[in-house]
2 protein chains.
Amino acid sequence: MARTRQRTPNEVALIGRHTQQRSVVLAAFIRADGFVGAQALHSQLAADGTPVGLSTVYRTLTRLADAGRADLVRDPGGERLFRYRPGPDHRHYLICTECGLNRPVDSGPIEDWADGIAQDSGFAHVRHTVELSGVCPDCGRAPATAERR
Amino acid sequence: MARTRQRTPNEVALIGRHTQQRSVVLAAFIRADGFVGAQALHSQLAADGTPVGLSTVYRTLTRLADAGRADLVRDPGGERLFRYRPGPDHRHYLICTECGLNRPVDSGPIEDWADGIAQDSGFAHVRHTVELSGVCPDCGRAPATAERR
DNA sequence: CGCTAGGTGCAAATGATTTTCACATCAATG
DNA sequence: CATTGATGTGAAAATCATTTGCACCTAGCG
Ligand SMILES: [Mn+2]
Ligand SMILES: [Mn+2]
Ligand SMILES: [Zn+2]
Ligand SMILES: [Zn+2]
C-alpha cells in the first residue's frame, strides 16, 4: 500500500500531472452530471468558493475530451458542451433545448448503420456525430413561460 | 468580365428581394457543389471578380439555411459550412477530412431510428444532426501530401 | 419618376476559445 | 529534505468566426 496522495479521482492521472485545480475541476465536472460549457463550469467553481482560472478549465476539459473521458457537442450558438463519461463507449443524447435535460438514447441501430456506411464507402477512420434535440414533456407543457436555460 | 447579368435563380425569391449580390453569391454557392464556409465563398467571389461584402455572404447563406435550402455542418474548428440543397429533404454526408470530398449517404435507417426515438421519448420538435467523416480512398492512399480541399 | 422597406458594406463589437508569458508547483532524484 | 527541470496556472492580450451599427444604396410598386 504505497502512500500516494489519494485525495483525487485517479482520472486526473490520465490527463497529466495531478494538481489542486484539476481535482477541483474534475470533481465539479462529474458532479455536473450533464452537458456543461467551460464558462458555466468556471462560474460554478467560483460560486463554490474554489475558483480556478478560465484557461485552466478550458485546458482541463479539452484534455479530458482528448483522452476520451468526455463527450462533446456543439451548442446551437457554437459553444462546446462537455459531458463526463466514465466508461469507454461513447453515447448519444436527446437534449431538451429549453431546460437542458438530457437522456442517453439507445444508439445501437445507428452504430450499426454507421459501421455499414464506413464499410461500403471505402473510407478509413470513419467517425460519426449524432445529436438529437427537442422539447421535453415538461417544457412542452409549460408554454414560453418555461424557465430559460 | 462580362458581368453575366443573369437569370435570377428563382431561389433568390425565397430569401427576400432580388439583388445583384444575392445572384452572384447563390450562383457561386451552387457551383461550389460541396460544403463551403462563408469566408471561403467570399474569397472565391473576390477571385472571380465579383466581390461581395463578407457580411452579405454571411447574411445570404444564413437565410438560405433558414429557408431550408442549405445543409449546415460544423467544421471541427467550429466554422459553419454550408452546402446547397436543391430538394426539400435534408441529407447527411460522409466527408473526407483530408480533401473535402463528400458524398450523401443512404440515411433512411437513421431517419426511421430518429423518428422512433422522438416517438418514444415524449419530446416534441425533435431534430437531429448526423455527420460522418473519414479519409477517402484517394487520400488514404496518398500520404499527407493530398491536395487540400 | 418618387418613395420606402429592404439591402449593402465597411468598421467596430461580440463572444468563445486560445495563446502568451512571468510565476508557481509538481515529482523525480540524490 | 533540498534541488531542479518539466509542467501547470492565470490574467491579460490575441484569435477568429460571426454579428451588428450605421450611413448609404436600390429594388420594385404605384
Ligand atoms: Mn455513436
Ligand atoms: Mn436526417
Ligand atoms: Zn425541458
Ligand atoms: Zn479525400
Side-chain angles (χ1 to χ4, degrees), chain A residues 2-8 10-26 28-29 35-46 49-67 70 72-82 149, chain B residues 3 5-29 35-46 49-67 70 72-82 149:
Chain A
R3 60 164 316 293
T4 26
R5 266 212 270 175
Q6 272 303 337
R7 69 205 212 211
T8 45
N10 57 10
E11 308 291 306
V12 172
L14 289 175
I15 63 175
R17 198 170 268 178
H18 164 208
T19 70
Q20 285 284 302
Q21 292 83 332
R22 284 181 182 168
S23 301
V24 168
V25 171
L26 186 55
F29 182 42
F35 286 98
V36 235
Q39 317 255 11
L41 198 51
H42 174 252
S43 304
Q44 183 60 62
L45 289 168
T50 50
V52 172
L54 181 57
S55 322
T56 298
V57 175
Y58 269 110
R59 287 189 278 237
T60 304
L61 291 178
T62 298
R63 277 170 167 249
L64 278 173
D66 287 347
L72 173 53
V73 304
R74 285 270 185 187
D75 182 81
E79 187 179 358
R80 280 179 169 79
L81 299 182
F82 302 77
R149 248 254 119 207
Chain B
R3 164 104 48 177
R5 205 328 204 230
Q6 63 331 303
R7 60 184 45 286
T8 309
N10 59 9
E11 311 291 302
V12 172
L14 289 175
I15 63 174
R17 196 173 273 177
H18 164 209
T19 70
Q20 190 90 183
Q21 291 86 330
R22 283 180 182 169
S23 301
V24 169
V25 172
L26 187 54
F29 181 42
F35 286 97
V36 234
Q39 315 256 12
L41 199 51
H42 174 252
S43 304
Q44 183 60 61
L45 289 167
T50 50
V52 173
L54 180 57
S55 321
T56 297
V57 175
Y58 269 111
R59 288 188 276 237
T60 304
L61 291 179
T62 298
R63 279 176 168 244
L64 278 172
D66 287 347
L72 173 52
V73 304
R74 285 270 185 185
D75 184 80
E79 187 179 357
R80 280 179 171 77
L81 299 181
F82 303 77
R149 237 265 125 205

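Chain identifiers are assigned alphabetically (A, B, ...) following the order of the sequence lines, protein sequences preceding nucleic acid strands; residue numbering begins at 1 within each chain.
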key: Least distance between heavy atoms, A:D75 atom then B:R74 atom   = O-NH2, 4.2 Å
request  = Would you please confirm or rule out a distance under 4.0 Å between OP1 or OP2 of C:dT8 and any side-chain N or O of B:T19?
outcome  = yes
Check: A:R17 side chain, D:dA6 base, donor-acceptor under 3.5 Å = yes
task = Please test A:L26 against A:L64 for side-chain contact (heavy atoms from CB on, under 4.5 Å), starting from the C-alpha separation and ending with a verdict.
result = CA-CA 9 Å; A:L26 186 55; A:L64 278 173; 3.7 Å; yes
request  = Would you check, one step at a time, whether the test side-chain contact (heavy atoms from CB on, under 4.5 Å) holds for A:Q39 with A:L54?
outcome  = CA-CA 7 Å; A:Q39 317 255 11; A:L54 181 57; 4.2 Å; yes
query = Within this structure, what is the CG-to-P distance between A:L64 and D:dG8, rounded to whole angstrom?
reply = 13 Å
ask   = Among D:dT9, D:dA27, C:dT8, which nucleotide sits nearest the side chain of A:Q21?
value = D:dT9
task = Taking all non-hydrogen atoms of both residues into account, name the closest pair between B:R80 and B:L72 and its distance.
result = CB-CD1, 3.7 Å
inquiry  = Could you tell me how far apart A:H42 (NE2) and C:dG15 (P) are, to the nearest whole angstrom?
reply    = 17 Å
Check: B:A46 main-chain N/O paired with B:T50 side-chain donor or acceptor under 3.5 Å = no
request  = Spell out protein contact along nucleotides 16-21 of chain C as letters: B when the base is contacted, S when just the sugar-phosphate is, - when no protein heavy atom is under 4.0 Å; keep the 5' to 3' order.
outcome  = SBBBB-
B:L61 CG to D:dT19 P, straight-line distance once rounded to whole Å = 10 Å
B:L14 CG - C:dG6 P separation (whole Å) = 17 Å
task = Send over the distance from B:R22 CZ to D:dT26 P, rounded to a whole Å.
result = 14 Å
ask   = Which pair of non-hydrogen atoms, one from A:R22 and one from A:I15, has the smallest distance, and what is that distance?
value = NH1-O, 3.3 Å
key: A:I15 CD1 - D:dG8 P separation (whole Å)   = 9 Å
